[in-house]
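Quick notes on the structure that follows.
Both counts, for ligands and for their atoms, begin at 1 and track the order of listing. Sequential numbering from 1 along the given sequence is applied to the chain's residues. Model, not experiment: these values are computed from the prediction.
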Amino acid sequence: MRHIVLTGFMATGKTAVGRRLAKRLGFDFLDTDQLIEERERQPVSAIFAARGEAEFRRIERELVASLAPARPTVIATGGGTFVDESNRTMLRRLGPVVCLITSLETTLERVGRNDKRPLATGAGAAERLATLLESRRPFYRMADVLVETDGLTVEQAVARVATAIAPRLRGEPAAHAAGVTAIDDSHAGGKAQEKR
Ligand code: S3P
């Protein structure tokens with residue numbers, strides 16, 4: 001069954017866009033952070049604080065490995081999920097992976113609005129996020145489709161993702177459009193190639 005996986009840095013809109021995309025396509029929706037919080041009966045921030053990031057990553061890996069939605073589903077993942085190789089392998093098996101991209105400025109503006117993200121709070125958060133985003137870029141670029149959402153409303157971002165992903169759901173190469181970068185399937189062999 002073909003699902004749709006959403007990845008991308010913190011605050012790129014994976015949950016908001018994913019939820020509406022699912023509605024538009026008649027898919028179910030799930031969010032890996034939310035599933036972790038339900039299973040562990042603890043907010044992600046509390047898991048980080050009380051048990052540490054390594055334990056969170058272990059739980060996250062276990063959850064990703066267990067994902068097997070019974071109906072077509074849009075799966076929103078956490079910002080660090082796709083960095084892990086075993087998660088990437090499992091998620092790719094579920095369906096096309098779409099990476100949402102926003103500028104660092106937009107990210108900082110959005111994460112500043114709440115304290116639910118342990119990696120984005122505290123002193124030096126802006127510098128930490130800039131470094132983290134830089135180190136993760138190569139992994140995000142391993143997604144099948146990169147979709148820029150800066151300056152778009154959630155609805156506009158959903159429309160952009162839906163257009164880009166529709167051919168992939170039919171097993172064809174992703175659509176090319178403004179703000180969309182389709183990564184050639186040959187990335188599976190280690191050679192990332194953009195088709196513009
Ligand atoms: C994380 C992002 C968070 C959450 C956790 C770690 C990350 O998800 O999984 O705080 O490493 O980037 P969001 O991307 O939904 O904020």
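Protein residues with a heavy atom under 4.0 Å from ligand 1 are Met10, Lys14, Asp33, Val44, Phe48, Phe56, Arg57, Gly78, Gly79, Gly80, Arg117, Pro118, Leu119, Arg136.
In this view, Phe139 satisfies the ring pair (Phe, Tyr, Trp, His ring centres under 6.0 Å) rule with no residue, not counting sequence neighbours. Qualifying side-chain hydrogen bond (donor to acceptor under 3.5 Å, both in side chains) partners for Gln156, counting only residues two or more places apart in sequence or in other chains: Thr153. Every residue meeting the side-chain hydrogen bond (donor to acceptor under 3.5 Å, both in side chains) condition with Arg20, not counting sequence neighbours, appears here in chain and number order: Glu155.
Between Thr102 and the options Thr107, Asp150, Thr12, a side-chain hydrogen bond (donor to acceptor under 3.5 Å, both in side chains) holds for only Thr107. Screening Asp28, Ile75, Val74 for a side-chain contact (heavy atoms from CB on, under 4.5 Å) involving Pro69 leaves a single residue, Ile75.
The pair Asp144-Arg168 counts as a salt bridge, with a side-chain nitrogen and a carboxylate oxygen less than 4.0 angstrom apart.
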